[in-house]
Number of protein chains: 2
Amino acid sequence: MIHIVLAEDQAMVRGALSALLSLESDIEVLGSAADGEAAWRELQRLKPDVLVTDIEMPGLTGLELAQRIQRQELPIKVIIVTTFARPGFLRRALDAGVSGYLLKDAPAEHLAEALRTVHRGGRAIDPQLALEAWSEADPLNDRERQVLRLAGEGQSAGDIATRLNLSHGTVRNYLSEAIGKLGVSNRIEAYRLARQKGWL
Amino acid sequence: MIHIVLAEDQAMVRGALSALLSLESDIEVLGSAADGEAAWRELQRLKPDVLVTDIEMPGLTGLELAQRIQRQELPIKVIIVTTFARPGFLRRALDAGVSGYLLKDAPAEHLAEALRTVHRGGRAIDPQLALEAWSEADPLNDRERQVLRLAGEGQSAGDIATRLNLSHGTVRNYLSEAIGKLGVSNRIEAYRLARQKGWL
DNA sequence: CCCCCTGCATGACGTTTGTCATCTGCAATG
DNA sequence: CATTGCAGATGACAAACGTCATGCAGGGGG
């Protein structure tokens, strides 16, 4: 019997996944949580074999949850189930020691299979995503990332400069750098591309 | 017995919702589809009582699907289940004659209840969202919307002008109008705000 | 010690944006 | 027919944007 805990912020999806997994005779859903902190408490309390978690959640994200489990050396495997086919996310997830990474685009049956594979000690990583993850590295440095994030919210170079204690010229330099590295032609495209790749 | 068809692009969520509803003894899931066109074909073939659909789907959106059902006067009720708490979306959904509008944030049990209410001839609209929907009207006209959409993808005024067969000055005028109406200070903020409100 | 690399700043440049006031053509309305 | 209204165009202006060459301080590492 595989004991699991579910973390997913959308209540309806959480309930539906729970129903889905409860149909499997070898899986038991011990509990579920709507955010990272609550999930952490459930893990301590219920000691499941596997945590199935989304990435985007209020408070603590799924990735941070995985990191915490890894650092505390808890004997709990982690499977990420997310909408985002972003190579950067998978990379970070693997660094955090997760055993599985599925997309919500994948057929529902894959989840139970992945759960069994992981419980057996194996890994279940979305194959096509795994390829992309190792192909393209994030070309941005910290400053470029920060600046791009703010630019994507509609802030001007001047605003960003104030926020980061830089000169407005420097901000424009970083932005220009980022635009160049990403091979696009303005800050908006740069933001969209970086976001889509999971480089944020 | 309530017969339904499910339209939702994320396979895992689709499967999970199907599992959830199948647990109810008075509900039967006749079929499901991953995009609007497929859903339309399933509706013709299976003649369900109710369609449960997401909004964001490739091809035909859930809103367009509802419109089509309304225009053809099919005896099929529609329940929208979506992530987006955007007043504009609810407004358009109601115009398209849908009977239910739930958020994925709502508890899973609400779905089955809503299904029964709607099947009985009632309406099931997320209450807090219903309030917002009548509070604020979309101030944008068609041109402004089009222009803003493209601007949000990073296109320059010139690009947009070419795409829409307008002069580049005119495009800037519309953009300026939109920025003014929304009370923001540049195209990026305008795009973000309009998107968040569901005005796209 | 010197060299080079990195992080940030500066200034100049041409382009794009955002704002206005004004103008044109066309259709609807009286 | 004249009048009004609307969609789109124009041109001018200041501000912000994107690019580039250059400068400068502070560390390492040779």
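Reminder, nothing fancy here: chain letters follow the sequence lines and each chain counts from 1.
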Value in whole Å for how far the [atom2] atom of [N] lies from [atom1] of [X]:
{"X": "Q155(A)", "N": "dA15(D)", "atom1": "CD", "atom2": "C1'", "result": "17 Å"}
{"X": "K181(A)", "N": "dT19(D)", "atom1": "NZ", "atom2": "P", "result": "14 Å"}
{"X": "I160(A)", "N": "dA16(D)", "atom1": "CD1", "atom2": "C1'", "result": "12 Å"}
{"X": "Q146(B)", "N": "dG8(D)", "atom1": "CD", "atom2": "C1'", "result": "13 Å"}
{"X": "Y191(A)", "N": "dC17(D)", "atom1": "OH", "atom2": "P", "result": "16 Å"}
{"X": "R187(B)", "N": "dT19(C)", "atom1": "CZ", "atom2": "C1'", "result": "13 Å"}
{"X": "E177(B)", "N": "dA9(D)", "atom1": "CD", "atom2": "P", "result": "15 Å"}
{"X": "R145(B)", "N": "dA7(D)", "atom1": "CZ", "atom2": "P", "result": "13 Å"}

Minimum heavy-atom separation for R143(B) to L166(B), with atom names?
-> NH2-CD2, 3.9 Å
Any side-chain N or O of S156(B) less than 4.0 Å from the OP1 or OP2 oxygen of dT16(C)?
-> no
Do I79(A) and T53(A) touch side chain to side chain, with heavy atoms closer than 4.5 Å?
->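 No, every pair of side-chain atoms sits at 4.5 Å or beyond.
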Kindly give the atom pairs (protein nitrogen or oxygen, nucleotide nitrogen or oxygen) under 3.5 Å for nucleotides 6-10 of chain C.
unit_1	atom_1	unit_2	atom_2	d
dC8(C)	OP1	R143(A)	NE	3.3
dC8(C)	OP1	R143(A)	NH2	3.0
dC8(C)	OP2	R143(A)	NE	3.2
dC8(C)	OP2	Y174(A)	OH	2.5
dC8(C)	O5'	Y174(A)	OH	3.4
dA9(C)	OP1	S167(A)	N	3.4
dA9(C)	OP2	S167(A)	N	2.9
dA9(C)	OP2	T170(A)	OG1	2.6
dA9(C)	O5'	T170(A)	OG1	3.4
dT10(C)	O4	N173(A)	OD1	2.9

Does anything in residues 184-200 of chain B pair up under salt bridge (charged side-chain N to carboxylate O under 4.0 Å, His left out), and if so which pairs, sequence neighbours excluded?
-> E136(B)-K197(B)
Identify whether NZ of Lys or CZ of Arg in R68(B) sits under 6.0 Å from the centre of the six-membered ring of W40(B) and within 45° of that ring's axis.
-> yes
Is R86(A) positioned over the aromatic face of F89(A), cation under 6.0 angstrom from the ring centre and no more than 45 degrees off axis?
->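 The answer is yes; both the distance and angle limits are met.
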T170(A) versus N173(A), side-chain donor and acceptor atoms under 3.5 Å | no
